[in-house]
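What you are looking at is a predicted structure, and each value in this text was computed from that prediction instead of being measured. Letters A, B, ... are given to chains in the order of the sequence lines, protein chains preceding strands, and every chain is numbered from 1.
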Amino acid sequence: MRKKSQSYSGLVWQQFCKSRLAVISLVFVALLVSTAILAPVIANDRPILMKWDGEWYSPALHLQADMRGWDFKDLKKKHPESTMIFPPIPYGPGNYDLDAVLAGPSTAHILGTDGDGRDVAAQMVWGARISLSVGFIAVGIAVFIGIILGAIAGYHGGWIDLGLSRLIEVMMCFPTFFLILAVLAFVGPSIYNIMIIIGVTGWTGVARLVRGDFLKFRNREFVIAARVTGMSSRRIAFRHLLPNAMAPVLVSATFGVAAAILTESALSFLGFGVPPSTPSWGSILSQAQAYMDIAWWLTLAPGFAIFLSITAYNLIGEALRDAIDPQMRV
Amino acid sequence: MLSYVIKRLLLMIPTLIGITVITFVIIRLAPGDPIALKAQASLDALGSDQAQVEIIEQTRKLYGLDKPLYVQYGKWIGQIVTLDFGMSYRDHRPVIDKIGDALPITLTLNIISILLIYLISVPIGALCALRPRTFFDRISALGLFVLYSLPSFWVAMMLIIYFAGGDYMNLFPIVGFESDNASILPWYDWIGNVAWHLVLPVTCLTYGGFAFLSRFSRASVLEVIRKDYIRTARAKGLSEWKVVVHHAMRNALIPLMTITSTLLPALLGGSVIIEQIFSIPGMGRLGFESVLTRDYPVIMAIAFISAFLTLLSILITDILYAVVDPRITFEEKG
């Protein structure tokens with residue numbers, strides 16, 4: 001029997017798994033993604049399941065129109081016999097508990113509350129959504145622009161390449177963070193603007209990688225063969241050249257997610273991020289600044305969350321880079 | 001060499017024009033009006049709508065904001081050639097003066113940080129390369145990686161709580177580049193005062209750079225250490241110190257030089273947050289404040305100067321290449 005030959009991606013995966021830290025990081029990111037997706041049933045003031053008038057409802061996932069404005073906890077107190085299963089963190093990110101403003105960690109609020117009496121743990125869980133979506137969408141935009149411009153520059157070469165390379169150089173010389181701040185100050189801070197502006201300013205690295213690989217491969221035999229068979233330029237560029245350039249792009253994108261998360265939290269920290277009503281790790285930290293000397297729990301949890309997720313993405317990126325390019329391993 | 005430098009300097013011009021055009025278009029097309037913002041307070045007192053409109057129109061004319069965009073840009077470029085960055089809308093001080101105050105502070109911060117990053121991470125990287133795959137190699141890689149992933153604004157907050165807040169230790173000042181009236185101190189006391197103020201901010205700017213540079217220097221030394229001339233140096237009985245410092249490091253440092261140019265813009269950008277947290281009146285804080293108040297001339301000047309500095313540091317790096325490595329010349333290839 002012949003042993004089945006291994007695919008490139010299989011080989012990369014095998015190499016990747018050799019790094020224990022990278023696998024742990026991948027598990028961590030998977031947990032983070034599931035936390036973000038499951039946020040409504042992890043931290044919510046509405047029960048996951050309840051029996052009311054003989055019918056089963058799930059207000060955490062879908063709030064019936066006639067239940068709007070109900071205080072379920074109060075209801076439970078008044079009707080102790082009713083069945084209600086509350087999420088592990090029985091607070092929503094926007095619930096104000098005015099009896100417990102700036103309360104330290106306790107059984108009621110496992111990570112304490114902030115200056116408005118909002119539960120920190122609930123904000124952390126919902127904040128994972130912001131940080132993940134900013135990370136992935138911003139990098140998605142950056143990779144898309146980078147691939148298109150890099151492919152055009154590398155495939156055509158000549159004057160087009162010269163012009164686009166100049167554009168890349170211009171973008172690289174921008175003080176990026178300053179530019180992001182300026183644009184956000186003018187168009188107004190919102191989560192979508194942050195995603196777009198991080199994406200639009202962050203494509204140069206990918207563009208350079210794609211351009212370099214296209215320049216390297218465009219006169220190889222397989223490209224000439226494709227051209228001889230009469231394929232369109234677009235098909236050659238995206239079907240034959242691009243797959244050869246994708247691996248380093250993937251690595252760069254992983255590091256990009258880490259950088260985007262960091263940028264978002266820094267912007268929220270400066271008050272340029274998501275509006276205060278939207279919970280984000282950076283905005284909790286920003287609030288913590290005012291209570292730095294009395295409420296240590298406000299800085300600790302979001303700080304560690306940002307730090308751990310950035311570390312995880314960076315470790316995955318490192319392991320991927322080592323896996324796709326054996327020469328880089330030293 | 002000279003012709004190469006001149007050629008590179010000329011090539012900067014289209015890049016700088018590109019950067020200023022983009023900045024100009026972004027800040028001018030954005031909604032919001034600095035004149036209305038500025039005049040708001042005094043106009044509220046006047047009350048009459050007619051007077052408001054007139055005053056705003058007059059001020060706009062005064063600053064030349066009533067003309068088409070390309071005319072305004074042309075005027076701005078014309079002034080730049082004579083190094084005139086205009087007046088700040090905010091306090092009518094010449095922009096060049098404001099930047100003259102802020103730039104030395106930011107440069108001091110960044111130069112100290114870059115020097116520290118090099119002084120600490122290059123030896124660590126070299127040590128790792130001399131003992132690859134040992135415990136020291138692995139633990140330093142992980143430790144520096146952890147440092148690299150720590151968000152600097154969070155570290156800044158932690159440092160303030162524990163070393164400057166007064167709750168735990170009150171070792172360092174929280175705000176500023178120097179104490180009030182520090183300029184009357186004799187120069188040695190003044191340096192001490194500034195150093196005391198800069199310990200925390202410089203720490204925040206420095207620690208994140210270690211991981212990147214030490215990995216780089218490790219790879220670079222590892223590559224050199226396998227070369228034949230190192231074996232020759234060892235074979236002729238030189239001490240390990242001499243082999244490493246005189247033969248290996250000199251060659252290993254060459255690729256490290258290019259990294260400097262990539263560090264500088266990052267440090268300039270990163271300092272917005274650090275300068276804001278520690279209230280240091282440098283370029284980052286000036287930029288942040290001028291963005292908030294839509295101080296167009298200051299924003300344009302900062303974009304121009306930081307882009308110019310970045311391009312300049314790339315050029316200096318390339319020239320240093322030739323200085324460090326005599327094998328590299330610019331004459332034939334240019």
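- Panel note: side chain B:Thr106, backbone B:Met283; a donor-acceptor pair is recorded below 3.5 Å.
- Using a 4.5 Å cut-off between heavy atoms, B:Val155 does not touch chain A at all.
- No part of B:Leu16 comes within reach of chain A, as not one of its non-hydrogen atoms sits under 4.5 angstrom from that chain.
- A:Gln287 and A:Ser283 are not linked by any side-chain donor-acceptor pair at a separation below 3.5 angstrom, with hydrogens and angles left out of the test.
- Only the side chain of A:Phe272 comes within less than 4.5 Å of a heavy atom of chain B; its backbone N, CA, C and O stay farther away.
- Heavy-atom pairs under 4.5 Å with chain B were tallied for A:Gly282, A:Ala312, A:Ala266; the largest tally goes to A:Ala266.
- For the options B:Gly287, B:Gly18, B:Ser290, B:Ala303, heavy-atom pairs under 4.5 Å to chain A are most numerous at B:Gly287.
- Contacts between B:Pro151 and chain A at a heavy-atom distance below 4.5 Å involve backbone atoms as well as side-chain atoms.
- Looking only at side-chain heavy atoms (C-beta outward), A:Arg118 and A:Pro279 stay at 4.5 Å or farther from each other.
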Test side chain to side chain donor-acceptor pair (under 3.5 Å) on A:Glu264 and A:Ser268 and set out the steps.
CA-CA 6 Å; A:Glu264 184 276 323; A:Ser268 299; 2.7 Å; yes

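- In this structure, chain A has a heavy atom under 4.5 Å from the side chain of B:Tyr148, while its backbone stays farther away.
- By the 4.5 Å heavy-atom criterion applied to side chains, A:Leu285 and A:Trp281 are not counted as neighbours.
- Contact annotation: the side chain of B:Leu10 approaches that of B:Ile13 to within less than 4.5 Å [non-hydrogen atoms, C-beta and beyond].
- Between chain B and the options A:Leu181, A:Leu179, A:Asn314, heavy-atom pairs under 4.5 Å are most frequent for A:Asn314.
- Residue A:Ala258 does not touch chain B at all, counting heavy-atom pairs closer than 4.5 Å.
- Looking at A:Ile324 and A:Pro248, their side chains come closer than 4.5 Å, going by heavy atoms from C-beta outward.
- Proximity to chain B (any heavy atom under 4.5 Å) is shown, for A:Leu300, by both the backbone and the side chain.
- Distance check, rounded to the nearest 0.5 Å: CG of A:Leu308 to CZ of A:Phe28 gives 4.5 Å.
- Neither the backbone nor the side chain of A:Ser309 comes within less than 4.5 Å of any heavy atom of chain B.
- The parts of A:Leu315 that come within reach of chain B are both its backbone and its side chain, each placing non-hydrogen atoms under 4.5 angstrom from that chain.
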